[in-house]
Amino acid sequence: CRVNRIFEGTNDILRLYIKVEGDTITDVLFVRAGGQLLCFPSVSVVASLQVDLDAVGLLEGRRAIDFRGGVVLLVALSDVLNLDQGDAPPQASARRAAIVLSAGDRRVAFVVDEILYGERVLIKSLGPLLPQVVGVSGATMRSSGEIGIILEPSALVAAAEAHRPQTEARAAPRVTPRTVLVVDDSPTTQEMLRGILGAAGYAVEIASDAAEALGVLNERRPDAMIVD
């Protein structure tokens with residue numbers, strides 16, 4: 001909503017949040033990892049820092065860093081979320097950005113590609129369609145139309161603690177991701193589901209109506225469908 005003060009020669013922009021049941025408004029920190037725009041609830045962010053990957057220590061065979069008089073695990077957020085690194089920017093330096101998250105008395109440092117900014121946003125809940133996407137609690141949309149995936153700190157910290165780097169990952173065969181066909185006529189819903197499912201490791205195909213969906217089904221069969 002734009003209000004013009006003609007006589008003062010200034011423009012004020014009022015941002016109005018339209019909430020529906022299940023939605024929340026909260027402060028988040030935007031980051032990028034694996035080519036995805038991701039968000040952490042600000043209340044769970046303990047610190048942001050730069051980490052020299054060539055100088056980190058080991059804790060029970062896993063990478064760890066000294067932090068405020070203690071030791072916390074250091075893991076790549078893209079590894080925990082199984083994000084494809086194909087769209088991630090190349091990293092010329094061993095110094096990387098990291099976010100320290102807390103879940104109760106547990107803390108983990110997550111390496112990310114880029115730390116962006118903090119902002120108060122409207123979070124759309126996943127609703128009944130996607131109630132059990134591990135580590136994802138919702139989504140938000142920037143003014144540019146880009147979808148940000150809201151990460152759930154407790155599940156993310158638990159997944160990081162259970163995560164073990166695969167030393168033979170290069171020799172392992174590439175696993176073909178499961179495909180989900182999303183049938184919905186709303187571009188906003190399409191992009192929100194594409195981002196959420198992509199962050200969960202699924203390949204996503206979009207159809208705006210039944211005719212497009214039938215065209216896809218005639219060519220190939222997805223593993224699952226989400227239909228409005």
Trainee: Carefully, step by step, assess Ile25 and Val121 under the rule side-chain contact (heavy atoms from CB on, under 4.5 Å).
Mentor: CA-CA 6 Å; Ile25 297 174; Val121 299; over 6 Å; no
Trainee: Can you name the residues that form a salt bridge (charged side-chain N to carboxylate O under 4.0 Å, His left out) with Glu161, not counting sequence neighbours?
Mentor: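 Arg106.
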Trainee: Which pairs, with at least one residue in residues 24-47 and sequence neighbours excluded, count as a ring pair (Phe, Tyr, Trp, His ring centres under 6.0 Å)?
Mentor: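 Applying ring pair (Phe, Tyr, Trp, His ring centres under 6.0 Å) to every pair that reaches into residues 24-47, excluding sequence neighbours, yields Phe30-Tyr117.
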Trainee: Does some side-chain heavy atom of Val182 sit less than 4.5 Å from a side-chain heavy atom of Val204?
Mentor: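 In contact.
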Trainee: Quick check: do Leu217 and Pro222 have side-chain heavy atoms less than 4.5 Å from each other?
Mentor: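 Yes, close enough: below the 4.5 Å cut-off.
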Trainee: Which residue, Val111, Val108, Val75, forms the side chain to side chain contact (heavy atoms under 4.5 Å, CB included) with Val80?
Mentor: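 Only one of Val111, Val108, Val75 forms a side chain to side chain contact (heavy atoms under 4.5 Å, CB included) with Val80, namely Val75.
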Trainee: The test is side-chain contact (heavy atoms from CB on, under 4.5 Å); show your working for Glu119 and Thr140 and say whether it passes.
Mentor: CA-CA 11 Å; Glu119 186 176 333; Thr140 188; over 6 Å; no
Trainee: How long is the span from the CG atom in Leu38 to the CD atom in Glu114, to the nearest 0.5 Å?
Mentor: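 These two atoms lie 12.0 Å from each other.
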Trainee: Could you state the interatomic distance from CG (Asp113) to CZ (Arg96), rounded to the nearest 0.5 Å?
Mentor: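 Between Asp113 CG and Arg96 CZ, I get 5.5 Å after rounding to 0.5 Å.
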Trainee: Would you confirm whether Ser42, through its side chain, and Asp27, through its main-chain N or O, come within 3.5 Å as a donor-acceptor pair?
Mentor: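 Answer holds: yes.
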Trainee: How long is the span from the CD1 atom in Ile65 to the CG atom in Leu73, to the nearest 0.5 Å?
Mentor: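 Between atom CD1 of Ile65 and atom CG of Leu73 there are 9.5 Å.
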Trainee: Within the structure provided, determine whether Leu37 and Arg32 are in side-chain contact (heavy-atom separation under 4.5 Å).
Mentor: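 In contact.
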Trainee: Within a radius of less than 6.0 Å around CZ of Arg221, do more than 12 heavy atoms belonging to other residues, nucleotides or ligands occur?
Mentor: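 No, CZ of Arg221 has 12 or fewer neighbouring heavy atoms, counting only those of other groups under 6.0 Å.
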Trainee: Using the side-chain contact (heavy atoms from CB on, under 4.5 Å) rule, take Leu181 and Ile226 through it: C-alpha gap first, then chi angles, then the decisive distance, then the call.
Mentor: CA-CA 6 Å; Leu181 174 61; Ile226 298 177; over 6 Å; no
Trainee: Please round to the nearest 0.5 Å and tell me the distance separating atom CG of Leu81 and atom CG of Leu156.
Mentor: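 Rounded to the nearest 0.5 Å, the CG-CG separation comes out at 5.5 Å.
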Trainee: With rounding to the nearest 0.5 angstrom, report the CZ to CD distance, Arg220 to Glu205.
Mentor: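 One finds 4.0 Å between CZ of Arg220 and CD of Glu205.
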Trainee: To the closest 0.5 Å, what do you measure between CG (Asp223) and CE (Met225)?
Mentor: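 Spacing of CG (Asp223) from CE (Met225) equals 12.0 Å.
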Trainee: Can you confirm whether Val28 sits close enough to Thr26 that some side-chain heavy atom of one is under 4.5 Å from a side-chain heavy atom of the other?
Mentor: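 Val28 vs Thr26: side chains touch.
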